[in-house]
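Note sheet for the following structure.
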Amino acid sequence: MAKRKHQWMVDDQLWELVSPLIPPQPPPRGPGGRPRIDDRVALEGILFVLHTGCRWRDLPPELGCGSGHTAWRRLRHWQEAGVWEKLHQRVLDELSEEQMLDWSRGSIDSVSVRAKKGGELTGPNPTDRGKSGTKYHLLTDAAGLPLHVMASAANVHDSKLFEPVLETTPSVRGRRGRPGRPRRRPEKLHADKGYDYPRCRRYLHRRGIKARIARRGIEAKTHLGRHRWVVERTISWVLRFKRLGLRYDRTEATLVPLLLLAVTLINVRRLRQATQ
């Protein structure tokens, strides 16, 4: 496997996961014009912006990744083709094949980030003096590997995204050669007091998931800390991607693929450790 010199460089393992999902290149329109930027190189441009947080227009030309507009356009085109969702699904399947997903318990939590330019999926953040912000909602397995992520306006209550996050989590197949249905929900779910509502508990009961939700006014703030710290750690990993730690992209069509790509890279990093 080729070694990476920088975080944004695409190694062979990542490219083997992504390349079959990328739609074929369109035929050339005619003679002349600039040659099309290679898909692998364009992906490195996307990863550079995601890791460093630079503006698309400031993508350094010396990287050889083409212009920032090319990287941005490729990100949006692949989002429309479902590449990022399929990649996330494929990496989860690979983790399951390596028996690295722990479904015995899951954790759900959210974090709000400031939106510098406003835009879609933004709202006044009640924890940041009403400034415009976006909230990321994250579901992890027992080890903190991200299973699903969604975005909403910062003023949307955590409990409102509780059911949508769990309902849209990708179905993960079991190990090859073993019978059984694909899985998408943990056996037990840990959550803080922001999810202590009857509708959340009723939903878990219908789905056969054991509820471990801190009770408002009864349990201490740190009561579930020994299990919930994993999702807080994963949130910190997501915020290390500087393009997500402070939101600059105005549209949902740009933010969502970057967010999905970030959690996928976290899982790829864990998969890489197991297969090296």
Side-chain angles (χ1 to χ4, degrees), residues 7-10 14-29 33-61 63-92 113-123 132-138 146 148-154 164-165 168 170 238-268:
Q7 288 181 315
W8 58 83
M9 297 186 70
V10 179
L14 177 58
W15 183 241
E16 288 175 1
L17 292 168
V18 177
S19 57
L21 308 177
I22 295 177
Q25 298 182 7
R29 297 180 180 179
R34 295 181 179 179
R36 176 183 168 88
I37 296 295
D38 181 72
D39 287 334
R40 183 168 181 170
V41 174
L43 178 57
E44 289 189 347
I46 295 171
L47 295 184
F48 182 88
V49 172
L50 178 60
H51 278 285
T52 66
C54 77
R55 296 181 300 180
W56 293 101
R57 70 181 70 173
D58 293 336
L59 183 65
L63 291 179
C65 300
S67 68
H69 182 71
T70 296
W72 172 84
R73 189 171 60 245
R74 208 71 60 91
L75 174 80
R76 299 279 293 260
H77 175 61
W78 291 343
Q79 168 71 358
E80 294 172 359
V83 171
W84 308 119
E85 292 182 356
K86 294 175 184 176
L87 176 61
H88 180 51
Q89 173 80 67
R90 185 173 185 182
V91 173
L92 288 176
V113 299
R114 187 175 298 182
K116 294 289 288 185
K117 299 181 180 180
E120 299 172 348
L121 296 180
T122 60
S132 180
T134 295
K135 185 178 289 187
Y136 306 147
H137 304 262
L138 195 68
H148 193 34
V149 66
M150 293 184 70
S152 72
V165 168
T168 58
V238 171
L239 298 182
R240 289 181 186 177
F241 295 93
K242 295 183 180 180
R243 192 72 185 184
L244 298 174
L246 185 61
R247 180 181 170 184
Y248 291 96
D249 297 286
R250 293 178 57 87
T251 63
E252 179 181 354
T254 303
L255 172 67
V256 170
L258 289 175
L259 187 59
L260 193 56
L261 180 56
V263 298
T264 301
L265 291 174
I266 292 172
N267 285 336
V268 169

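Starting from 1, each residue takes its place in the sequence as its number. Just the heavy atoms: all of them, side chains too, but no hydrogens, waters or symmetry mates, feed the values below.
- Of all heavy-atom pairs spanning L255 and A151, the tightest one is CD2-CB, 4.2 Å.
- The shortest distance between side-chain heavy atoms of V238 and L259 falls below 4.5 Å.
- Put simply, the side chain of W72 never gets that close to the backbone of R57: no donor and acceptor are under 3.5 Å apart.
- Using a 4.5 Å cut-off on side-chain heavy atoms (C-beta onward), T264 and L17 make no contact.
- Not counting sequence neighbours, Y248 has no partner by the ring-ring contact (aromatic ring centres under 6.0 Å, His included) test.
- Put simply, the side chain of R90 reaches to within 4.5 Å of the side chain of P20, judged on heavy atoms.
- Between T52 and K242, every side-chain heavy-atom pair lies at or beyond the 4.5 Å cut-off.
- Here CD1 of I46 is found 11.0 Å from CZ of R73. Values are rounded to the nearest 0.5 Å.
- At least one donor-acceptor pair closer than 3.5 Å links the side chain of T134 to the backbone N or O of L121.
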| Would L246 and V113 satisfy side-chain contact (heavy atoms from CB on, under 4.5 Å), going step by step from the backbone distance to the final call? | CA-CA 6 Å; L246 185 61; V113 299; over 6 Å; no
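- Here S19 pairs with nothing under the side chain to side chain donor-acceptor pair (under 3.5 Å) rule; sequence neighbours left out.
- Remark: E85 CD is loosely packed, at most 12 non-hydrogen atoms of other residues, nucleotides or ligands lying under 6.0 Å away.
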| message | side-chain contact (heavy atoms from CB on, under 4.5 Å) for F241 and L261? Distances and angles first, verdict last. | response | CA-CA 10 Å; F241 295 93; L261 180 56; over 6 Å; no
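- A donor-acceptor distance shorter than 3.5 angstrom exists from the side chain of R74 to the backbone of I37, with no hydrogens or angles considered.
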| said: Could you walk me through whether V83 and L43 satisfy the side-chain contact (heavy atoms from CB on, under 4.5 Å) test, starting with their C-alpha distance in whole Å, then the side-chain angles of each, then the deciding distance to 0.1 Å, before giving a yes or no? | reply: CA-CA 12 Å; V83 171; L43 178 57; over 6 Å; no
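- Formation of a donor-acceptor pair under 3.5 Å by the R250 side chain with backbone atoms of K117 is found in this model.
- At a threshold of 4.5 Å between non-hydrogen side-chain atoms, the residues W78 and P23 count as touching.
- A heavy-atom distance below 4.5 Å is not found between the side chains of F48 and D58.
- With hydrogens and angles disregarded, no donor-acceptor distance shorter than 3.5 Å links the side chain of E252 to the backbone of E120.
- In this structure, L50 and L265 have side chains that are in contact, with non-hydrogen atoms separated by less than 4.5 Å.
- In terms of heavy-atom proximity, L59 sits nearest to A71 at CD2-CB, 4.3 Å.
- Looking only at distances, a side-chain donor or acceptor of T168 sits under 3.5 Å from a matching main-chain atom of P164.
- Nearest heavy atoms, H137 versus S152: NE2-OG, 2.8 Å.
- Across all non-hydrogen atoms, the minimal contact from G118 to S132 is CA-OG, 3.8 Å.
- A side-chain donor-acceptor contact under 3.5 Å links Y136 to the backbone of L244.
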| request: List the steps, then state whether side-chain contact (heavy atoms from CB on, under 4.5 Å) holds for L258 with W84. | output: CA-CA 9 Å; L258 289 175; W84 308 119; over 6 Å; no
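- The shortest non-hydrogen separation linking H88 to P170 is CD2-CG, 3.8 Å.
- In this structure, the separation between CG on D249 and CZ on R55 is 12.5 Å, given to the nearest 0.5 Å.
- Taking all atoms of both residues into account, the shortest heavy-atom contact from Q79 to P257 is OE1-CB, 3.5 Å.
- For the pair L63 and E44, the minimum side-chain heavy-atom distance is 4.5 Å or more.
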